[in-house]
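Structure, as structure tokens:
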Amino acid sequence: MAVPVLLLRRKIIVDKLTECNAFSEESAVTLQTAGVFNPNGFKRFNRFLVYKGVLGVTSDGRYYLKQSV
């Protein structure tokens with residue numbers, strides 16, 4: 001059950017960051033600003049997406065897409 005939830009979460013984050021044109025550190029936004037529901041939920045999964053190179057994160061906690069998904 002957890003895997004579909006995480007795949008949906010990944011899709012939502014990618015879609016929202018794409019809508020915000022967050023493709024670099026300069027254009028990075030917080031997940032709250034991007035409109036991600038419950039932006040502070042799934043922190044461990046967010047770190048996993050950064051580790052896997054899907055997302056980048058700035059020193060002040062803003063996110064951007066690192067790769068074409």
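For the single chain, residues carry numbers from 1 onward in sequence order. Everything numeric here is computed off the predicted structure, so don't read it as measured data.
For the pair Tyr63 and Ala22, the tightest heavy-atom approach, listed with the atom from each and the gap, is O-CB, 3.9 Å.
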Next item on the list: Please lay out, stage by stage, how Val54 and Ile13 fare under the test side chain to side chain contact (heavy atoms under 4.5 Å, CB included).
Entry: CA-CA 10 Å; Val54 175; Ile13 290 172; over 6 Å; no

Next item on the list: Decide yes or no on side chain to side chain contact (heavy atoms under 4.5 Å, CB included) for Val36 and Arg9, but give the supporting numbers first.
Entry: CA-CA 9 Å; Val36 174; Arg9 179 71 175 189; 3.8 Å; yes

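In this structure, the side chains of Phe23 and Leu17 stay at 4.5 Å or more apart for every pair of heavy atoms. The side-chain heavy atoms of Asn46 and Leu31, taken from C-beta on, include a pair separated by under 4.5 Å.
Once rounded to the nearest 0.5 Å, the distance linking NZ of Lys11 with NZ of Lys16 reads 10.5 Å. To the nearest 0.5 Å, the span separating CG on Asp15 from CZ on Arg10 amounts to 10.0 Å. Rounding to the nearest 0.5 angstrom, the gap separating the CD atom in Glu26 from the CZ atom in Arg62 is 8.5 Å.
Relative orientation of the Phe48 and Phe45 rings is parallel, given thresholds of 30° and 60° on the angle between their planes.
By the side chain to side chain contact (heavy atoms under 4.5 Å, CB included) test, Thr33 is found to be paired with Val29, Thr30, residues two or more places apart in sequence or in another chain being considered.
With respect to Leu65, the side chain to side chain contact (heavy atoms under 4.5 Å, CB included) criterion is satisfied by exactly one of Asn21, Thr18, Leu49: Thr18.
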